[in-house]
Every structure is written in structure tokens, then in C-alpha cells.
Amino acid sequence: MKIALDATPLTVPSGGVRRYTEELTRALCDSFPGDRFWLLSDHKAVLPFARANLYAGQGARNMLERRWWSWGLQGEFSRLGIDVFHGTDFSVPYLPLRPSVMTLHDLSPWLDPAWHAEADRVRNRTPMLLRLGLATMVITPSEAIRRAAIDRFHLQRDRVMAVPLAAAACFRPTPGAERSPPYLLYVGTLEPRKNIGLILDLWRELRRDHPIDLVLVGRRRADFPEIPAEPGLRLAGLTPEEDLPALYSGAVACLYPSYYEGFGLPVLEAMQCGALVIASRDPAILEVAGDGAILLDVRDHGPWMEALRLAVTQPEKMRPHRARALTRAEEFSWTNTARLTRAIYEHAVQRFRK
């Protein structure tokens, strides 16, 4: 097959959708060497890695093609002979001239406008694309999101498939990563939905009795206020992926009290490093983490403090949680994600022909 994927998410420096697009493309290229893959965007795409069966699109070639989702993609499809297009970030072409697959990462743009101050385009466009049937098939990262998408957008059940993500192979336990002073860790974009305020409150209360730091890793989104400096707080910002396994492995606990998730990739990354993960009881996180993390209600402060105090004062009692995290993480791989996704491409082609 000749398969095109939307490369737009690769233009941002970090985030779950970028990680998804890059890792899925890599796994597809490696798992299906007989297929050819193109990364397409309205500007000439820059390949994030090299593979013999991976190519970069040239982008819009004239004024008409600058209307990318209407005409630009169609021009690229015709020139390249594309069989199926995968919109990796909530969108597909406006003209259904070829089979297409849309990944619907979550429903957060429609649940709380404060979570996505600049998501009006997705908020307005994606429901129309789904309602008009322009996406031949829809992928969600979890069954929780699949059920919610079917209910909200009134989609046919056989048109929506859940395909779990995975942590990259570089995420594995790093022996001797513990550092002094000890620290709590958050990895992810600093944005309203992630409930960073709870992390800061928990750490400040814990720090009154224990010498422990807090490390926040990830870019700050424009709609999230700056966090003032204070003793023990490290704002690490964007951090190279190769540095994350040691950070996960060395943390007293990795906190992820998100209000809402489509999958919760940092949770799985931390688990694959054997970290102690304390996260929210969000349906998608519950589905992904299983018994590999401590999952708590974000509305109840007390159990979070109890878990953190235990992690600091009696870390040996947390070893079973770390062991279960490693066992659970073994159930996920990008190879499996690629195989399931490739099967959906085939299904989209067959469905489109009907």
C-alpha cells in the first residue's frame, strides 16, 4: 500500500500527538517494509528519522493547493498515487475522494473550553467531518474514548476502533538513577487540563515535613500561567527523550492528576521505567494503567497525601507497585499499535469501495 500520514503534529516540539505521529510512523515503516509511507503537510515535510520506505511530501505547490485540506492534499494524493490517508490529529480531507482514517485522541475540546483556548478550529471542524462521513474509519487510543465518541457524535460502532498507544523502547529502568535530594516528577505539557495546581499543593505540603524537590518536565502552553520560582522547584522545560528514563526511574513518585485523558502516555512511559505512578482515576488512565499505578480521585486531596507520605517514609512498601507497573507495561508495544492500525487502513479501503 501507499499510505500518507498527516505530518502537521511534527511541527510542534513536543506533546502526545507529536509522539504518536512519530512513533506510529516509525513502527509502520519497520513492520511493513513492503509498504511506502509519506508524511504530508502544507509545507515540505521534514522527516524525523530515515527509513528506506519513508518519504516527505513537497507541500502546497500553488495558490490553489494552499487550501490544503480542500485541494492541496488531493494534489499530493494524485501525484503520489496514495491508497489511504491517515489524519493523525482530528482531521481528514474535505473531499472524500480516497479512503481516510482519523485519529480522535480524546474529546477534551468539547468538554471544557478552558482546557483548549485555541482549539476552536478542531471544535467546529471535526464534528462536521465525522457527521458527513468524510473519515472512512476513526481510531481512538482507548475504549473509553471510543465509547464516548460513538455516543457524542452518533457514529456507527463498526466505524470506530480503539488502538492503544505504547511507550518507546528507550523507556526502561535506569539503575542508580536516584538523586539527592529526592524528587517528585511530572512529565507532560503544562496546560490547564493537567491539574498542575494539585501537584504544586501536594508537593508544598509534603515539603514542610520532608526535604523533597519537584521537577516539572514539559513545555508550557501559551494559555498556562507562568509558575514563579521557589526553593526546591525545578522547571525543566523541554527535555530530550533520552534523558526521561533516568528521570522517571529516579523519582520517588511520578504524579499525573489529569482531569481528563485520551490515553495518558506519560503514565505508561513511567510504568515502563518501573516508576511509582500516582495518577487520577480517569477512565482512560484506568484502562491503560490497570493495577500498575495508584489511581486516585482528583477531588479528594487526602489519599494523595497519604500515598506520597508512604512513598517517602516507607519506599519498600511501594516496590510491589513498581513491579506491577513493569508487568503491565509489557502488554503495550508500538509494533502492536502499527499492526492494528495497518489492519484499519485495509478495512478503510474495503469500506470505501462499498
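Residue numbers run from 1 in the order of the sequence given. Reckoned from all heavy atoms, side chains included, excluding hydrogens, waters and symmetry mates.
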Can the positive tip of R342 be found less than 6.0 Å from the middle of the six-membered ring of F32, inside 45° of the ring normal?
yes
So, is the end of the R66 side chain (NZ or CZ) under 6.0 Å from the ring centre of W71 and within 45° of the ring's axis?
no
Measure the acute angle between the ring planes of H86 and Y345, then classify it against the limits of 30° and 60° as parallel, tilted or perpendicular.
perpendicular
In terms of the angle between their ring planes, are W115 and Y259 parallel, tilted or perpendicular, with boundaries placed at 30° and 60°?
parallel
Any ring-ring contact (aromatic ring centres under 6.0 Å, His included) pairs touching [range], not counting sequence neighbours?
range	answer
residues 320-340	none
residues 207-254	F171-Y248
residues 297-316	none

Applying side chain to side chain donor-acceptor pair (under 3.5 Å) to S258 and not counting sequence neighbours gives E261
Using the side chain to side chain donor-acceptor pair (under 3.5 Å) criterion, which residues pair with R219? Sequence neighbours excluded.
S14
For [X], enumerate each residue passing the salt bridge (charged side-chain N to carboxylate O under 4.0 Å, His left out) test, keeping only those at least two apart in sequence or located in another chain.
X	value
D300	none
R51	D30
R179	none

Taking 4.0 angstrom as the limit, do [X] and [Y] come out as a salt bridge?
X	Y	answer
R26	E23	yes
R328	E331	yes
R19	E269	yes
R351	D158	yes
E287	R281	no

The test is ring-ring contact (aromatic ring centres under 6.0 Å, His included); show your working for F153 and W110 and say whether it passes.
CA-CA 11 Å; F153 300 115; W110 301 278; 5.2 Å; yes
Set of residues satisfying side-chain contact (heavy atoms from CB on, under 4.5 Å) with respect to [X], sequence neighbours excluded:
X	answer
A251	Y183, L185, C254
D291	R324
D209	R309

List the residues meeting ring-ring contact (aromatic ring centres under 6.0 Å, His included) with Y55, not counting sequence neighbours, and say none if there are none.
W38
